[in-house]
Colleague: 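Quick one: structure below, then a few questions.
Order of listing sets the numbers, starting from 1, for every ligand and every atom in it. Note that the coordinates shown come from a computational prediction; the quantities given were computed from them, not determined experimentally.
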Amino acid sequence: MLIVLISTCLTLMTSVVSSRSKFSFNDPDSEHYWPPSEFLLSDTDIVNRAVKELHSIDVAMDLNECISCKMRLQVAKFLSLTRRDLVPLVFSTWCIEAGHDESQCHMNYGFPSPEYSSTGNDFTTVVSLMGPEGFDGDYFCYYHDPACHILPEPPVIDLQNLWPPKPKVYEAPDHRGISFNVLHISDVNIQLDYELLAESNCSQSLCCSSQSYNTEKLPPGFDYSLIHNPDSGLSFYDSSYAKGHFEKGQYIDQYSSKYPTWSPAHEFGSYRCDTPPLLFNNTMQTIRDFHQNHLDFEFAIFTGGTVDHSDRIFIDKSLVLSSQEFVYRGFQHFLPNVDFHPAIGTRDIFPLNQLPQGILSESSLNYQWQFDFLSDLWQELGWIDLETAKQIRYSHFGYSTVTRRGLKIISLNSNVWNTKNLYAFWDVLSVDSFGVWQFLIDELIHSEINEQRVWIIAHLPVSHQSLPIPTEVFTQIVERFSPKVIAAIFFGHIHRDEFNILYGGNGRDTKELEDMINFALIGPSISPYSGVNPAWRYYSVDEGSFSIVDSYTYFTKLNSTFANEGAEPLWEFAYSARDAYDPESLWPSERCLDTEWWHHVGEKIRDIPEFRNSFKVFEYRNSPFTPISQESEENCTVSDSESYCKVSSFTVQLRKLCMLTQDQDNYVSPFTPIDYTPYIKPFESIQYIGVVDTGDLGNSEQESYISEAESYDHDKEDNNKTSNANLRKSGSLRDVVHRNSRLIVSELRRLR
Ligand SMILES: *[C@@H]1O[C@H](CO)[C@@H](O)[C@H](O)[C@H]1NC(C)=O
Ligand SMILES: *[C@@H]1O[C@H](CO)[C@@H](O)[C@H](O)[C@H]1NC(C)=O
Ligand SMILES: *[C@@H]1O[C@H](CO)[C@@H](O)[C@H](O)[C@H]1NC(C)=O
Ligand SMILES: *[C@@H]1O[C@H](CO)[C@@H](O)[C@H](O)[C@H]1NC(C)=O
Ligand SMILES: *[C@@H]1O[C@H](CO)[C@@H](O)[C@H](O)[C@H]1NC(C)=O
């Protein structure tokens, strides 16, 4: 393999180096003789040879998928160091010729443009920095090449020297017994192009826009209005809150649409679409009424998610900006006297999911506009002061702020651990290339010294789509500062209402009471996308300890708005965590919902079908997609472990481990054993310890254990689910793809 690698690089080197003939030495007798320029490779030849090289790697019989992927990265790296301008062209050409989805090839490798969210520049930068042959390559290929299923064993990380030893007595402070209310909103994902009567049963990843359509023709005689009882009145009304209150609009004839639809998009939304502005306004107005009537929110946390779930090809920079502006101004409009503490979502940036490290000053500057925008906007809305604005503007990875009562809120940018952030694949073993962990530790030590309590908020839970090393670092930090300093952790992103308990026990994985460390609450989404009912919640919070006394969730049955004559959705109280999981009130009323409480709830979900059912109903807020019907109450082994694994695992790795031991049938063994385990101490050079055969380790997993419900992942962009067939409208996928192909062809022509 080494020989192949060297010859790959040599082939390229000859071509690339020789094209720089200006500096050649022309004396044929000199040892530095370079051939005259007419024999040199043109740019077209370089592109062609590089693409050919990539294809040769693909067909090499003696390489497995992961090694092929790493070799392609070698080619990319060499090219990026010599002719970085050619990397997007070479890789999109190779990708399309290799038969991958054309639009996704452009999104991954194509020329970046404000018109769509492609990451060719980011790929080029990252690949020029990374070590394709080592851990960087292993991780990149595992997470970004669907054919590669081997991940090296996660390294052992030792952070002990980053903080003073944990004091022996480290209890959470006492409760005062008086509480105040905090609002938690998550994942609005505003769909600005939501269109009444558009196809809501479409073949693309997000429906209900003018571009949505179903690849299957309607059967003759199909009539949507026959599905719902026509007497109850379908809700195709063009309503609005533009005048500050609900005004039912005109009825729009469902047959007026130019194209027949399987399921015309309703007034207030649909389960395969994101939040229409009308639903957002209705939700915010409802929350405002609760706030004014009796709930009196002291402040709000927002765990991110402003941009809709369209495929990357439909997302441009102006949409990313206008979605954020719409949502944040909307919060302020409806709740002008409630300060919001937002966390930036993984998709709330353009290109989506990206975040360069601050030390990559050039790349970081390319994204500066995003942080300038947010720090200006949040300051204008009165939520942050100048100091915090500066932190947001210049750190990019998060900020901390202190509420009027002295609670510290630390908001982290979860693209740091997002597997879709290409920059996270550069120097993966360096532990803190973003500087975020040092920031977090400093903040926590400061709070520890000052007897201050802390909430941590972020968008992406470390139990989903998260890289193992940052996840492990975060987990160790949480362990060090729990339970005394960290009072609560909040996430969003997955749309489902869940919680994750963190257990210690050094890999013993016993999940016993004495091993519990802390827990995270995952807020339900406003957006119904992925089959959930819109929901939001508030917490009653103890004034002294800032621990959570109870959590109250509200929801609306979206399907009841499909045939209700266009009336406003009814918001209902869903549940109080205390009442739902402890109906007999056995938990002492003076105790908060601490880790021990969630530990007992987890065990009830594991052992008692009624609680397991409640958990699932809460997860989906009793939408028609609640995965509960397949499970009879006595006979439900598979789903048993699934819900328990979800709530009792803090990280992706632990959840997989849990699923694997509970249900070995879903386990697919890796193709080859993995041959090294690195041991990381921050600020020391990396050692590779011996060669261990970990071929039988449960945690070198494949993604395929994911269950039905889980696989309805709402970040569809890396999947090939978007149809690349014809779309009707301009600005459509087809147009963009054609534009791109033309770009490539003309680029090639220009080069010839
Ligand atoms: C991606 O989609 C295209 C077009 O629908 C299809 O031809 C191709 O096989 C798909 N690729 C994968 C990996 O599913
Ligand atoms: C939503 O509310 C905003 C602020 O009042 C308003 O400008 C906008 O027109 C409303 N949109 C709809 C669809 O109700
Ligand atoms: C959605 O479309 C599919 C065809 O793509 C069809 O089989 C299914 O019945 C439709 N469902 C609804 C609710 O319209
Ligand atoms: C909405 O969905 C729920 C859950 O499937 C169901 O119980 C309810 O009857 C539905 N409501 C309407 C109006 O269809
Ligand atoms: C579940 O019930 C079905 C039908 O009653 C039965 O065939 C199956 O063996 C049961 N599964 C388990 C794991 O008990």
Side-chain angles (χ1 to χ4, degrees), residues 188 190-204 207-208 212-219 222-235 237-250 254 260-273 275-288 322 325-336 381 526 528 531-534 555-570 572 574 613 616-630 721 723 725:
V188 172
I190 193 79
Q191 187 175 350
L192 294 173
D193 66 355
Y194 188 94
E195 208 174 276
L196 199 64
L197 300 183
E199 181 61 87
S200 74
N201 177 16
C202 72
S203 313
Q204 296 79 44
C207 304
C208 303
S212 313
Y213 74 108
N214 193 313
T215 45
E216 236 173 90
K217 277 216 162 62
L218 286 169
F222 180 89
D223 186 352
Y224 178 76
S225 64
L226 299 179
I227 294 173
H228 289 283
N229 178 4
D231 298 338
S232 50
L234 291 171
S235 61
Y237 290 86
D238 185 18
S239 307
S240 121
Y241 289 86
K243 295 192 180 138
H245 55 88
F246 181 65
E247 262 186 22
K248 186 165 150 182
Q250 279 215 312
Q254 59 167 310
T261 42
W262 283 89
S263 173
H266 289 271
E267 192 174 355
F268 281 97
S270 145
Y271 294 108
R272 296 209 38 207
C273 312
T275 307
L278 189 69
L279 173 64
F280 177 74
N281 282 1
N282 165 264
T283 308
M284 290 312 298
Q285 181 152 304
T286 308
I287 295 174
R288 182 194 62 196
S322 47
E325 182 140 17
F326 186 96
V327 170
Y328 292 127
R329 287 197 188 280
F331 289 159
Q332 212 268 347
H333 174 83
F334 286 97
L335 295 169
L381 300 179
I526 303 284
V532 293
N533 274 327
F555 79 117
T556 185
K557 289 179 190 137
L558 190 62
N559 61 338
S560 317
T561 68
F562 293 171
N564 69 348
E565 305 251 12
E568 282 183 283
L570 290 176
E572 298 172 48
N613 282 355
K616 286 183 188 168
V617 169
F618 300 157
E619 253 189 308
Y620 288 77
R621 286 82 84 181
N622 203 18
S623 83
F625 298 89
T626 312
I628 203 164
S629 46
Q630 312 114 19
K721 297 217 171 110
S723 160

Colleague: Would you mind listing which atoms of ligand 4 come within a distance below 4.0 Å of any non-hydrogen atom of Pro624?
Modeller: 2 (O), 4 (C), 5 (O)

Colleague: Using atom types as modelled and distance alone, determine if a side-chain donor or acceptor of Ser623 lies under 3.5 Å from a backbone N or O of Gly531.
Modeller: yes

Colleague: Using a 4.0 Å cutoff against the non-hydrogen atoms of Asn622, which atoms of ligand 4 qualify?
Modeller: 4 (C)

Colleague: Can you check whether Gln204's main-chain N or O pairs, donor with acceptor, with Arg272's side chain at less than 3.5 Å?
Modeller: yes

Colleague: With no hydrogens and no angle check, is any side-chain donor or acceptor of Arg329 less than 3.5 Å from a backbone partner on Val327?
Modeller: no

Colleague: Which residue in the set Leu279, Thr286, Asn281 passes side chain to side chain contact (heavy atoms under 4.5 Å, CB included) when paired with Thr283?
Modeller: Leu279

Colleague: Taking only heavy atoms of Asn559, which atoms of ligand 4 are found under 4.0 Å from at least one of them?
Modeller: 1 (C), 2 (O), 3 (C), 8 (C), 10 (C), 11 (N), 12 (C), 14 (O)

Colleague: Heavy-atom contacts with ligand 3 below 4.0 Å: which residues, ordered by chain and residue number?
Modeller: Asn201, Asn214, Glu216, Trp262

Colleague: Polar-atom distance check: Ser239 versus ligand 2, any N or O pair below 3.5 Å?
Modeller: no

Colleague: Only one of Thr275, Leu558, Val188 forms a side chain to side chain contact (heavy atoms under 4.5 Å, CB included) with Pro534, so which one is it?
Modeller: Leu558

Colleague: Please check this pair: side chain of Gln285 against backbone of Phe334, looking for a donor-acceptor N/O pair closer than 3.5 Å.
Modeller: no

Colleague: Suppose I only count heavy atoms of Ala242 and a 4.0 Å limit; which atoms of ligand 2 are within that range?
Modeller: 9 (O), 14 (O)

Colleague: Under 3.5 Å, is there a donor-acceptor pair between the side chain of Ser200 and the main chain of Ser263?
Modeller: yes

Colleague: Decide yes or no on side-chain contact (heavy atoms from CB on, under 4.5 Å) for Cys207 and Glu199, but give the supporting numbers first.
Modeller: CA-CA 6 Å; Cys207 304; Glu199 181 61 87; 5.8 Å; no

Colleague: Going by the atom numbers of ligand 2, which of them fall below 4.0 Å from some non-hydrogen atom of Tyr241?
Modeller: 12 (C), 14 (O)

Colleague: Examine distances only and state if a side-chain atom of Tyr194 and a backbone atom of Leu278 form a donor-acceptor pair shorter than 3.5 Å.
Modeller: no

